[in-house]
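Note that this is a predicted model, so its numbers are computed, not measured.
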Amino acid sequence: MDKSSLVDITILQTAVAKGAVCLDGSPPAYHLDRGSGTGENNWVILIEGGGWCQNVAQCLMRKNGKYDGSSAKMENQVYFSGMLSNEQKFNPDFYNWNRVFVRYCDGGSFTGDIEAIDPGTGLHYRGARIFKAIMEELLAQGMNKSENAILSGCSAGGLTTILHCDNFRILLPNSVKVKCFSDAGYFVNIEDISGELFIQQFYKDVVTLHCFFPQNVAQQIQTPLFIINAAYDNWQVRNILAPPGTDPKGAWKSCGANIKTCTADQLKVLQGFRLDFLKALEGLGSSSTRGYYINSCFAHCQTQKQATWFGLNSPRLLNKTIAEAVGDWVLERNQFQQIDCPYPCDKTCG
């Protein structure tokens, strides 16, 4: 492992006075690797993912768990790879930019803004304040003078990117070119294999707890937005299409872990899921400020993993890796709006 890619944590103590705190009341945190040369005035921010807590019991588990509810339990260093790598051969367009990894500790995709503290548990739901406090800190660190600024994230962090895209644009001077791209954050509202809307009820509970509204807001977003998603997103397959409790005999367990083990009937269901996902994607609209890279891999979060971001055996659409497609779109070399053919036609997925 290249030691230069290990990046120290910054605990933002000043955020506490603003009420911008993790679930347990500890200050928020981020990791920043400074840019250099041609990238000195460019910034890419990646929001950490990690699901959501939909009720008090789940949020307590986060608060008392390893790190996703408290900065006090976070590791002091994280390894920057994929779109955060500092090596040109692994990250051709963003390697020398200011690269930031924002830690996730509120359990609600940075949307909660509830003043009251739960008296019985000591839980704080302050994600929106965390987002603003960290962005204000980065502006003071030089992002206010940037030429390009990107907000990104995967999974719950990808949803954060969609929900906060325009908020991020407003925080920056008009002279800055601002773009957002969401990796594996385009969650769809469909029936599960039992015919129920499990994910709708799940999100309803999250909404009630965090003041979190994950409606399809993509169409209303004014800032340029790029969506990266697998049409067969394996997290969505396991948690939206075939969530726990809908498969008592475990018929979907193997298929949910590896698409190559799915039966012919299960593949039919997965092909229907893909079509439902593509229909939901139409909500993006056909604007030239929209981009998308929808491959047919059985994957979730592809920008943070070096193997799927940029490498000899990385997935490709129009013979472009995700890194190349995103770079083309961000730097306005080429608009990219591509949807892969259905599984199993793509042989680049690995």
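Within 6.0 Å of atom NZ in Lys177, 12 or fewer heavy atoms from other residues, nucleotides or ligands are found, so the atom counts as exposed in its surroundings. Within a 6.0 Å sphere centred on CG of Asn76, heavy atoms belonging to other residues, nucleotides or ligands number 12 at most.
A 4.5 Å side-chain heavy-atom check between Met143 and Leu172 finds at least one atom pair inside the cut-off. Between Cys349 and Tyr343, every side-chain heavy-atom pair lies at or beyond the 4.5 Å cut-off. Side-chain contact check for Cys255 versus Leu270: some heavy-atom pair is nearer than 4.5 Å. In this structure, the side chains of Gln77 and His31 stay at 4.5 Å or more apart for every pair of heavy atoms. Side-chain contact between Met83 and Leu46 is present, with at least one heavy-atom pair separated by less than 4.5 Å. Between Val100 and Met135, the closest side-chain pair of non-hydrogen atoms is not below 4.5 Å.
In terms of hydrophobic clustering, with Ile, Leu, Val, Met, Phe, Trp and Tyr side chains grouped at heavy-atom distances under 4.5 Å, Val102 and Val21 are assigned to different clusters. Under the 4.5 Å side-chain contact rule for hydrophobic residues, Leu225 and Ile339 share a cluster. No continuous path of hydrophobic side-chain contacts links Val78 to Tyr95 [ILVMFWY only; heavy atoms under 4.5 Å].
Taking both residues in full, the closest heavy atoms of Asn86 and Ser5 are given as OD1-OG, 3.1 Å, listed atom of the first, atom of the second, then distance. In terms of heavy-atom proximity, Thr223 sits nearest to Cys180 at CG2-SG, 4.1 Å.
Looking only at distances, a side-chain donor or acceptor of Arg316 sits under 3.5 Å from a matching main-chain atom of Ser314. Formation of a donor-acceptor pair under 3.5 Å by the Ser146 side chain with backbone atoms of Gly142 is not found in this model. Of the possible polar contacts, none joining the Asn41 side chain to the Glu147 backbone as a donor-acceptor pair under 3.5 Å is found. Distance alone, capped at 3.5 Å, is enough to place a donor-acceptor pair between the Glu48 side chain and the Tyr104 backbone. Listed for the Ser152 side chain is no donor-acceptor partner under 3.5 Å among the backbone atoms of Ser182. When atom types are taken as modelled, the side chain of Arg274 and the backbone of Ala231 share no donor-acceptor pair closer than 3.5 angstrom. Remark: the backbone N or O of Phe336 is not paired with any side-chain donor or acceptor of Lys320 at under 3.5 angstrom.
Phe277 has its ring centre no less than 6.0 Å from the ring centre of Tyr232.
Remark: of the listed residues Ile240, Asn234, Leu241, Asn234 is the sole one forming a side chain to side chain contact (heavy atoms under 4.5 Å, CB included) with Arg238. For the side chain to side chain contact (heavy atoms under 4.5 Å, CB included) with Asn229, the qualifying choice from Tyr292, Tyr293, Tyr186 is Tyr186, the only one to do so. For the side chain to side chain donor-acceptor pair (under 3.5 Å) test with Gln302, the passing option among Asn295, Asp233, Thr308 is Asn295; the others fail.
Separation of atoms NE2 (His164) and CG (Leu171) is listed at 10.0 Å; rounding is to 0.5 Å. With rounding to the nearest 0.5 Å, the separation of CG in Asp106 from OG1 in Thr160 is 7.5 Å. Taken from CH2 in Trp97 to CG in Asn148, the straight-line distance is 4.5 Å, to the nearest 0.5 Å.
Asp24 and Ser26 share a donor-acceptor pair across their side chains, judged by distance under 3.5 Å alone. A donor-acceptor contact under 3.5 angstrom links the side chains of Ser287 and Thr289, judged on distance only. Thr261 and Ser254 form a side-chain donor-acceptor contact under 3.5 Å, judged by distance and modelled atom types alone.
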Trace of the side chain to side chain donor-acceptor pair (under 3.5 Å) decision for Ser36 with Asn96 = CA-CA 5 Å; Ser36 61; Asn96 64 348; 5.1 Å; no

key: Chi angles and distances behind the side-chain contact (heavy atoms from CB on, under 4.5 Å) call for Val330, Val44   = CA-CA 11 Å; Val330 167; Val44 58; over 6 Å; no

ask   = Stepwise, does the salt bridge (charged side-chain N to carboxylate O under 4.0 Å, His left out) test hold for Glu136 with Arg129?
value = CA-CA 11 Å; Glu136 287 174 346; Arg129 297 190 195 186; over 6 Å; no

query = Stepwise, does the side-chain contact (heavy atoms from CB on, under 4.5 Å) test hold for Leu151 with Phe131?
reply = CA-CA 11 Å; Leu151 181 67; Phe131 182 87; 4.1 Å; yes

request  = Apply salt bridge (charged side-chain N to carboxylate O under 4.0 Å, His left out) to the pair Asp113 and Lys132, showing each step before the final yes or no.
outcome  = CA-CA 11 Å; Asp113 189 6; Lys132 187 178 181 186; over 6 Å; no

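Looking at Lys179 and Glu332, a side-chain N of the basic residue comes within less than 4.0 Å of a carboxylate O on the acidic one, giving a salt bridge. Note on Asp93 versus Arg333: salt bridge recorded, some NZ/NE/NH1/NH2 to OD/OE distance being below 4.0 Å.
The aromatic rings of His300 and Trp235 lie parallel to each other, their planes meeting at an angle below 30°, with 60° marking the opposite boundary. Ring geometry, Trp309 versus Phe181: the interplanar angle falls under 30°, so the pair is classed parallel (tilted spans 30 to 60°).
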